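One structure is given here, and the rest of the page talks about it.
Counting begins at 1 with the first residue of the sequence. Computed from a prediction, not measured in an experiment: that's the story for all the values here. Below, all heavy atoms of this structure are taken into account, side chains as well, without hydrogens, waters or symmetry copies.
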Amino acid sequence: MADRAPLSPLLAPSMAPPLAPSLAQLRALVAVADAGGFGEAAAEHGVSQSTLSEAVARLEALAGRPLLRRTSAGTVPTEAGLRALVHARSAVQAASDALLAAQEEGTLAGTLRVASFRSTATHLLPPALAAFRAKHPGVGVILLDAESCGGGAEAVRAGRVDAGLILADEAPDLRLTPLVLDEYLFAAPVTRGPQPVTLADLSAQPLILPPQRDSCHQRVRRYLTARGVPLTHITEVEQDSVTLSMVGHGLGVTIMPRLALLPLPPGLIALPLPDPLTRPLALAVLPHRAALPLLRAFTATVLESVERLGTPHKAPEVREPSAPLPQRAAPN
């Protein structure tokens, strides 16, 4: 039997694989989807709208179907577009990570995007960001409000941010570096006095909480429901400062994490709840990106800063995806 000829490295036209999209086309799709429109994406990224339109049109031609559609609310992905976006984000991020992975710890450069709660952005992150800038002046940091970008954990998953300060018990799929347990406290006018808080105190006056979409609202609501506290007099307020001002004027009481109460305004008193309620704060990154020098350096700096602040926490203990977070004593 005659030997078969080796397969040619150049496939016949009928066997040729489909053309692959370019990174520019994938970036255009992600940019328009995130911005909600071609004009908005063009302004945000400093390119022409026609450049984005052409890139997306070529990508849709390759896909053989529309990936974006215009609506009265803006430009949104189609069903096919949603599926494509998952891989487009991964491809764009992987291309950038290839260069980030090649960096050396002493010469880091680039942009780091961090999502955070307002309270942690106010009290935990500024010292860490100052120390990080001093060590790595070539890195720019963009700080985003976790609530406004769809939640810190979701923003990390989607690649919209590189790291997020999140509630650790709500993201077992991410690589977590625990930071601190932030205790919830009952805040009321100082005229109430320092006597211990009872469950009756939690329902005796209107309770002022953040909107229902906020993680703190949900955590407090679960706490109260589990203890049979009626939830009939809840007022929702967006800003913590407004909430505390309303409490100071006798319009109700509130339950807030300790970090959100700092500094406690004059005329208010903050006391422990009848049963402890805490939120486990952690720095989250995607598991496959945790070894990038940029993210390793930022994580180490945040931990060092937390230690210098004297914030109660145990020694750094990274939690891999799906690993349970250990229980810790609530801070005093």
>> As a quick check of understanding, evaluate side-chain contact (heavy atoms from CB on, under 4.5 Å) for Q25 and V56, giving each step before the final call.
In response: CA-CA 6 Å; Q25 293 165 355; V56 171; over 6 Å; no
Could you tell me whether the side chains of [X] and [Y] share a donor-acceptor contact shorter than 3.5 Å?
{"X": "T51", "Y": "S48", "value": "yes"}
{"X": "R175", "Y": "T299", "value": "no"}
{"X": "D240", "Y": "T243", "value": "no"}
{"X": "H217", "Y": "R213", "value": "no"}

Can you give me the closest heavy-atom contact between [X] and [Y], atom names plus distance?
{"X": "V114", "Y": "F298", "result": "CG2-CZ, 3.8 Å"}
{"X": "F132", "Y": "A297", "result": "CE1-C, 3.9 Å"}
{"X": "L264", "Y": "A270", "result": "CD2-N, 3.9 Å"}
{"X": "D201", "Y": "F186", "result": "O-CE1, 4.1 Å"}
{"X": "V161", "Y": "G152", "result": "CG2-O, 4.4 Å"}
{"X": "A158", "Y": "R89", "result": "O-CD, 2.8 Å"}

When you look at [atom1] of [X], are more than 12 heavy atoms from neighbouring residues, nucleotides or ligands closer to it than 6.0 Å?
{"X": "E104", "atom1": "CD", "answer": "no"}
{"X": "R222", "atom1": "CZ", "answer": "yes"}
{"X": "R58", "atom1": "CZ", "answer": "no"}
{"X": "H45", "atom1": "NE2", "answer": "yes"}

Could you state the interatomic distance from [atom1] ([X]) to [atom2] ([Y]), rounded to the nearest 0.5 Å?
{"X": "M256", "Y": "L209", "atom1": "CE", "atom2": "CG", "result": "8.5 Å"}
{"X": "S22", "Y": "L59", "atom1": "OG", "atom2": "CG", "result": "8.0 Å"}
{"X": "D162", "Y": "T111", "atom1": "CG", "atom2": "OG1", "result": "8.5 Å"}
{"X": "H123", "Y": "R118", "atom1": "NE2", "atom2": "CZ", "result": "12.0 Å"}
{"X": "E79", "Y": "R69", "atom1": "CD", "atom2": "CZ", "result": "8.5 Å"}
{"X": "L202", "Y": "H233", "atom1": "CG", "atom2": "NE2", "result": "14.5 Å"}

hydrophobic_cluster_shared for [Y] and [X], side chain cutoff 4.5 Å:
{"X": "L29", "Y": "L62", "result": "no"}
{"X": "L108", "Y": "L303", "result": "yes"}
{"X": "L185", "Y": "V220", "result": "no"}
{"X": "V229", "Y": "V247", "result": "no"}
{"X": "L82", "Y": "V32", "result": "no"}

Quick check: do [X] and [Y] have side-chain heavy atoms less than 4.5 Å from each other?
{"X": "T177", "Y": "V285", "answer": "no"}
{"X": "T120", "Y": "L259", "answer": "yes"}
{"X": "V139", "Y": "Q103", "answer": "no"}
{"X": "F38", "Y": "S50", "answer": "no"}
{"X": "F117", "Y": "D145", "answer": "no"}
{"X": "Q93", "Y": "L286", "answer": "yes"}
{"X": "L268", "Y": "L261", "answer": "no"}
{"X": "R219", "Y": "R279", "answer": "yes"}

Would a distance-only check, ignoring hydrogens and angles, find a side-chain to backbone donor-acceptor pair under 3.5 Å from [X] to [Y]?
{"X": "R70", "Y": "A73", "result": "no"}
{"X": "E60", "Y": "R65", "result": "no"}
{"X": "H136", "Y": "A109", "result": "no"}
{"X": "R221", "Y": "C216", "result": "no"}
{"X": "S305", "Y": "A128", "result": "yes"}
{"X": "S90", "Y": "V86", "result": "yes"}
{"X": "Q218", "Y": "Q212", "result": "yes"}
{"X": "S53", "Y": "Q49", "result": "yes"}

>> Looking at Y223, I'd like to know if the NZ or CZ of R227 sits under 6.0 Å from its six-membered ring centre while staying within 45 degrees of the ring's axis.
In response: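 Geometry flag: set, cation within 6.0 Å and 45°.
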> So R160 and D34, salt bridge (charged side-chain N to carboxylate O under 4.0 Å, His left out) or not? Walk me through it.
Replying inline: CA-CA 9 Å; R160 292 192 293 272; D34 286 349; 5.0 Å; no
> Pick one: which of L143, I142, L295 meets side-chain contact (heavy atoms from CB on, under 4.5 Å) with L112?
Replying inline: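 Passing option: L295.
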> What residue among L176, D169, I166 forms side-chain contact (heavy atoms from CB on, under 4.5 Å) with P280?
Replying inline: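 Among L176, D169, I166, the one meeting side-chain contact (heavy atoms from CB on, under 4.5 Å) with P280 is D169.
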>> Would L281 and L124 count as a side-chain contact (heavy atoms from CB on, under 4.5 Å) here? Give the steps.
In response: CA-CA 11 Å; L281 299 174; L124 285 186; 4.3 Å; yes
> Between I234 and I208, does a side-chain contact (heavy atoms from CB on, under 4.5 Å) hold up when you go through it step by step?
Replying inline: CA-CA 6 Å; I234 292 181; I208 307 172; over 6 Å; no
>> Run the salt bridge (charged side-chain N to carboxylate O under 4.0 Å, His left out) test on R258 and D182 for me, step by step, so that the C-alpha distance in whole Å, both residues' side-chain angles and the decisive distance to 0.1 Å come before the verdict.
In response: CA-CA 6 Å; R258 183 186 295 273; D182 192 16; 5.3 Å; no
>> Pair I255, L207 - check side-chain contact (heavy atoms from CB on, under 4.5 Å), show working.
In response: CA-CA 8 Å; I255 298 173; L207 185 62; 4.2 Å; yes
